[in-house]
Amino acid sequence: MTSAKPVRTRFAPSPTGFLHLGGARTALFSWAFARHNKGVFVLRIEDTDVERSTDAAVQAILDSMEWLGMQPDEGPFYQMKRLDRYAEVLKDMLAAGTAYHCYSTPEEVEAMREAARAKGEKPRYDGTWRPEPGKVLPPIPEGRKPVIRFKNPQSGVTAWDDMVKGPVSFDNSELDDLIIARPDGTPTYNFCVVVDDWDMGMTHVIRGDDHVNNTPRQINILKALGAEVPQYGHVPMILGPDGLKLSKRHGAVNVMDYDDQGYLPEAMVNYLARLGWSHGDAELFGREEFVEWFDTRHLSKSPSQWDPKKLNWVNAHHIKGMDNAELARRVAPRIAKRGGDASRADLPEIIGLFKDRAETLEQLADDAMLFCGPFQPAPAELVAQHLTPAAREALAGFAAAAAGTEWTREALSALIKAQLAERGLKMPQLAIPLRVAVAGRAQTPAVDAVLALLGKDAVLERLAKLPA
Ligand code: GLU
């Protein structure tokens with residue numbers, strides 16, 4: 001049974017670099033879960049690691065999320081703007097006795113850990129400063145600033161039913177009294193996450209499974225605060241094609257690099273969604289279908305593998321299925337970047353000629369340069385191979401007839417057929433020399449369409465000045 005409480009999920013990146021594929025996929029699952037359940041998707045920037053957090057990284061994350069179409073309903077919230085709130089909760093916990101000051105130095109704690117190791121026990125803080133009824137604490141060392149530790153339960157288990165992994169449990173005896181504030185008073189990572197998830201009313205936390213060990217600690221702090229514990233789902237990582245953790249050595253891991261390389265955000269969403277989630281045997285789907293179908297039950301328990309060939313296949317599908325005008329709008333800046341004329345009114349038709357065989361928008365832009373860029377005459381070997389004396393004669397005949405014809409694809413197609421019949425030629429015997437002569441290459445989409453889009457002036461001019 002689902003609870004009546006409205007669903008609230010979040011994506012909580014640390015802005016220490018661009019948004020990588022793994023982070024984008026986690027965000028996508030949280031986003032889709034919120035959307036599917038008509039809930040709220042929150043963006044929270046976890047920027048308390050001031051040394052490593054940068055504004056540029058925040059911007060890169062926002063740009064990537066916008067590109068993928070994951071608009072947050074609330075946020076971005078920034079942890080560094082919530083320090084007062086963390087201080088307030090720390091104060092409340094000290095007052096309630098769920099947290100305590102610990103004056104042990106890092107060296108002392110290391111010695112405690114060493115002593116535990118020597119006894120064959122798990123290395124841990126020994127609880128010197130943990131208050132217990134009737135216990136007398138040591139005198140406070142002069143001038144020493146304390147850390148604040150969470151008073152973790154020492155017995156029992158902390159368990160949850162993970163949305164991905166199923167039941168998970170930890171013995172509380174395994175968990176140290178976690179430091180939740182440093183000697184300078186700044187709160188630590190796990191503590192900020194807890195206060196935020198509580199204040200932001202999170203009902204479901206979907207995140208990478210590198211956080212599984214944090215979860216029992218966070219659950220215990222939430223319970224100590226009297227907060228409702230969200231449901232957790234820990235998504236396994238993405239592996240590279242060689243089975244090792246996906247990293248730069250497998251190619252681009254920055255989401256926005258895929259924009260540069262000509263992948264459609266629609267295709268990225270589709271492909272990333274299938275990395276670790278499935279809906280029957282559906283491989284190709286749009287954003288709306290993904291949201292409609294998304295459920296955590298079909299998140300995979302095992303790591304998924306990055307497959308660039310499949311990504312290309314998915315991208316090709318989305319390119320093929322996209323309306324010509326929309327596709328032209330997306331390819332236009334890439335044509336302009338190549339110095340081509342992207343303002344042609346017939347750009348959608350040009351794109352339409354190529355889209356069935358393009359794997360990326362970059363390829364489409366290259367293709368479109370046939371019409372949008374300057375004429376590139378055929379290289380000498382193509383001329384020698386295809387512009388034979390017989391072919392030149394056929395081209396001359398075609399040019400003479402074409403001068404008087406109506407310049408539409410249909411009329412040109414009829415003209416080509418008439419020329420073939422008149423000269424007793426087969427289609428390639430005229431079509432290939434035509435392509436070499438007017439397009440500078442032996443392969444193009446349908447030759448009648450190419451002629452029509454090149455325009456009468458360009459075609460007749462190129463036929464009149466065949467390379468020697
Ligand atoms: N800031 C954490 C990270 O980027 C995520 C924390 C969380 O989702 O709870 O890995």
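Just follow the structure's listing: the first ligand is 1, and inside any ligand the first atom is 1. Heavy-atom basis, side chains included; hydrogens, waters and symmetry copies ignored.
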Peer 1: Closest non-hydrogen protein atom to atom 10 (O) of ligand 1, residue and atom name please, with distance?
Peer 2: His211 NE2, 2.9 Å
Peer 1: Using distance alone, decide if ligand 1 has a nitrogen or oxygen within less than 3.5 Å of any nitrogen or oxygen in Arg44.
Peer 2: no
Peer 1: Is there a nitrogen or oxygen of Val205 sitting under 3.5 Å from a nitrogen or oxygen of ligand 1?
Peer 2: no
Peer 1: Which heavy atom of the protein is the closest neighbour of atom 5 (C) of ligand 1, given with residue, atom name and distance?
Peer 2: Ala12 O, 3.2 Å
Peer 1: As a test of understanding, state which of Phe294, Phe29, Tyr271 forms a ring pair (Phe, Tyr, Trp, His ring centres under 6.0 Å) with Trp277.
Peer 2: Phe294
Peer 1: Please tell me whether Asn315 and His318 have a donor and an acceptor in their side chains that are separated by less than 3.5 angstrom.
Peer 2: no
Peer 1: Does the side chain of Asp63 pick up a donor-acceptor pair with the side chain of Gln59 at under 3.5 Å?
Peer 2: yes
Peer 1: Residue-level breakdown please: for Tyr189 versus ligand 1, do any non-hydrogen atoms fall below 4.0 Å on the side chain, on the backbone, on both, or on neither?
Peer 2: side chain
Peer 1: Should Glu132 and Arg130 count as an ion pair when the cut-off is N to O under 4.0 Å?
Peer 2: yes
Peer 1: Judging by distance only, is a nitrogen or oxygen of Asp210 under 3.5 angstrom from one on ligand 1?
Peer 2: no
Peer 1: Under a 4.0 Å threshold between the charged nitrogen and the carboxylate oxygen, would Lys355 count as salt-bridged to Asp367?
Peer 2: no
Peer 1: Charged N to carboxylate O under 4.0 angstrom, Arg44 versus Glu74?
Peer 2: no
Peer 1: Got the closest protein heavy atom to atom 1 (N) of ligand 1, with its distance?
Peer 2: Glu46 OE1, 2.5 Å
Peer 1: Any heavy atom of Arg10 sitting closer than 4.0 Å to ligand 1?
Peer 2: yes
